[in-house]
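The next block holds one structure in the form of structure tokens; read it before the comments.
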Protein chains: 2
Amino acid sequence: MMEHHADQLIFRAIADPTRRAIIDMLSSGDRSIGDIAAGFDMTRPAVAKHLAILKDGRLIDVEKRGRERIHRLRPDTLKSAASWINQFDRFWDDRLAKLKEVVEEKQ
Amino acid sequence: MMEHHADQLIFRAIADPTRRAIIDMLSSGDRSIGDIAAGFDMTRPAVAKHLAILKDGRLIDVEKRGRERIHRLRPDTLKSAASWINQFDRFWDDRLAKLKEVVEEKQ
DNA sequence: TTGACATAATACCAAAAGGTTTCGTATAAA
DNA sequence: TTTATACGAAACCTTTTGGTATTATGTCAA
């Protein structure tokens, strides 16, 4: 089951809780680095690093507007991660069905 | 949007490509550490550490059987990660619909 | 009982991650 | 034109991560 390099960048991007919080924040509207940093107890360069990693994972796009950089969540990329996770749906169903059988037997 | 510590352990567990490969491997059957290590170019202690992290994230269960430890994928835990990702479904749909509008306007 | 085997536990190492401070540059505003 | 602002980039520090090698322990098998 060979995996693409791009997938690894996505998983790396969502591995950090700060970056997931940034994703949550951007889902309610586009923001500059300063706006985002204001929501965290962290310096701007630190936030900028997180944003660079999110950009590497193609989870956000950046648009230069005047002296600001507006960060916008991409509407598609997270689906790659979702699809890996969802391949276990059949596994879950099978296992939970077996568990149900065992439980019902014991009654 | 406060997040549970347990969630962080799950994301940490799936962040590493070796651990995702182990998850894939275990989805086709339970295995001992030695079995798993045979599938990787890596020493047994290294694999054992990955398994410990997967266990912390409650993605696998371990059963002591004789002198072996059998590792079994849990059928439920990955759903927490899936649910975080899936909360963006509405966002994707909205954005893609808007993109479609823009594209059609330009034609 | 003795030897082989599966794993645990520990110590150790290099590289990556996550943060800071400092300084430089481009743009906006006075 | 001068000043303030938003950001980039680099240097640096500390902790975590992912790996190794080594040694110890418990269990099976001859």
Side-chain angles (χ1 to χ4, degrees), chain A residues 1-3 5-26 29-73 81, chain B residues 3 5-26 29-73 81:
Chain A
M1 173 121 18
M2 190 47 190
E3 138 167 328
H5 183 56
D7 288 340
Q8 175 49 25
L9 294 180
I10 296 172
F11 279 104
R12 180 194 180 211
I14 64 175
D16 183 89
T18 299
R19 287 193 290 271
R20 289 197 298 280
I22 290 174
I23 291 173
D24 285 337
M25 192 179 289
L26 289 180
D30 309 341
R31 286 176 223 272
S32 70
I33 295 185
D35 282 350
I36 297 168
F40 294 92
D41 185 20
M42 195 181 304
T43 60
R44 246 187 304 228
V47 170
K49 281 191 188 181
H50 283 303
L51 290 170
I53 291 170
L54 288 168
K55 191 160 167 267
D56 283 347
R58 304 191 339 280
L59 286 159
I60 60 174
D61 282 332
V62 188
E63 183 193 341
K64 194 171 174 178
R65 199 146 71 204
R67 64 184 159 184
E68 294 185 337
R69 306 293 168 97
I70 302 303
H71 297 76
R72 172 181 305 109
L73 204 54
Chain B
E3 138 168 331
H5 182 56
D7 287 341
Q8 175 50 23
L9 293 181
I10 296 171
F11 280 105
R12 180 194 179 213
I14 64 175
D16 182 88
T18 299
R19 287 194 289 271
R20 290 197 298 282
I22 290 173
I23 291 173
D24 285 337
M25 191 178 292
L26 289 180
D30 308 342
R31 285 177 223 271
S32 69
I33 296 185
D35 282 349
I36 297 168
F40 293 92
D41 185 20
M42 194 182 303
T43 61
R44 248 186 301 231
V47 170
K49 279 192 190 179
H50 285 301
L51 289 169
I53 291 170
L54 288 169
K55 191 158 166 267
D56 283 347
R58 305 191 338 281
L59 286 159
I60 60 174
D61 282 331
V62 188
E63 183 194 339
K64 194 171 174 179
R65 200 145 70 205
R67 63 184 159 182
E68 293 185 337
R69 305 293 167 97
I70 302 302
H71 297 77
R72 171 181 305 108
L73 205 53

Please give, in whole Å, the distance from [N] [atom2] to [X] [atom1]?
| X | N | atom1 | atom2 | result |
| --- | --- | --- | --- | --- |
| Asp16(A) | dT15(D) | CG | C1' | 14 Å |
| Arg20(B) | dG18(D) | CZ | P | 11 Å |
| Phe11(B) | dT17(D) | CZ | C1' | 19 Å |
| Met42(B) | dT20(D) | CE | C1' | 12 Å |
| Asp30(A) | dA6(D) | CG | P | 18 Å |
| His71(A) | dA6(D) | NE2 | P | 14 Å |
| Arg44(A) | dA9(D) | CZ | P | 15 Å |

Exercise for the section: Within residues 45-52 of chain A, find the residues that approach DNA chain C with a heavy atom at under 4.0 Å, and present them sorted by residue number. Expected result: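 Correct list: Pro45(A), Ala46(A), Lys49(A), His50(A).
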Straight-line distance of [X] [atom1] to [Y] [atom2], nearest 0.5 Å:
| X | Y | atom1 | atom2 | answer |
| --- | --- | --- | --- | --- |
| Ile60(A) | Ile53(A) | CD1 | CD1 | 10.5 Å |
| Ile14(A) | Ile22(A) | CD1 | CD1 | 14.0 Å |
| Ile23(A) | Leu59(A) | CD1 | CG | 5.0 Å |
| Leu54(A) | Lys49(A) | CG | NZ | 14.5 Å |

Exercise for the section: Give me the first and last nucleotide of DNA chain C, going 5' to 3', that has any atom under 4.0 Å from a heavy atom of chain A. Expected result: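 Counting from the 5' end, contacts occupy dA17(C) to dA28(C).
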Handout entry: Those residues that, when tested against Arg19(B), pass side-chain hydrogen bond (donor to acceptor under 3.5 Å, both in side chains) (two or more places apart)
Key =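 Arg19(B) satisfies side-chain hydrogen bond (donor to acceptor under 3.5 Å, both in side chains) with His50(B) once adjacent residues are dropped.
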Exercise for the section: For Glu68(B), check side-chain hydrogen bond (donor to acceptor under 3.5 Å, both in side chains) against everything at least two apart and list the hits. Expected result: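 With neighbours one apart ignored, the set is empty.
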Problem - For Pro45(B), side chain to side chain contact (heavy atoms under 4.5 Å, CB included) partners two or more places apart - result: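 Testing Pro45(B) for side chain to side chain contact (heavy atoms under 4.5 Å, CB included), a comparison that skips the adjacent residues, returns Thr43(B).
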Problem - side chain to side chain contact (heavy atoms under 4.5 Å, CB included) partners of Arg69(A), counting only residues at least two apart - result: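 If we apply the side chain to side chain contact (heavy atoms under 4.5 Å, CB included) test to Arg69(A), skipping adjacent residues, the hits are Val62(A), Lys64(A), His71(A).
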Handout entry: Minimum side-chain heavy-atom gap His5(B)-Leu9(B) below 4.5 Å
Key =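 They are in side-chain contact.
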Problem - Distance test, side-chain N/O of Thr43(B) to OP1/OP2 of dG19(D), below 4.0 Å - result: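 Looking at the OP1 and OP2 atoms of dG19(D), neither is under 4.0 Å from any side-chain N or O of Thr43(B).
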Exercise for the section: Could you tell me whether Asp30(A) and Arg72(A) make a salt bridge, using a distance below 4.0 angstrom between a side-chain N and a carboxylate O? Expected result: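 Counted as a salt bridge, because a side-chain N and a carboxylate O are separated by less than 4.0 Å.
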For residues 31-40 of chain B, which side-chain N or O atoms pair as donor and acceptor with protein atoms under 3.5 Å away, sequence neighbours left out?
from: Arg31(B); atom 1: NH2; to: Met25(B); atom 2: O; distance (Å): 3.3
from: Arg31(B); atom 1: NH2; to: Ser28(B); atom 2: OG; distance (Å): 2.9
from: Ser32(B); atom 1: OG; to: Asp35(B); atom 2: N; distance (Å): 3.2

Practice task
List in numerical order all residues of residues 58-67 of chain B for which some heavy atom is under 4.0 Å away from an atom belonging to DNA chain D.
Solution key: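 Within residues 58-67 of chain B, the residues near DNA chain D are Lys64(B), Gly66(B), Arg67(B).
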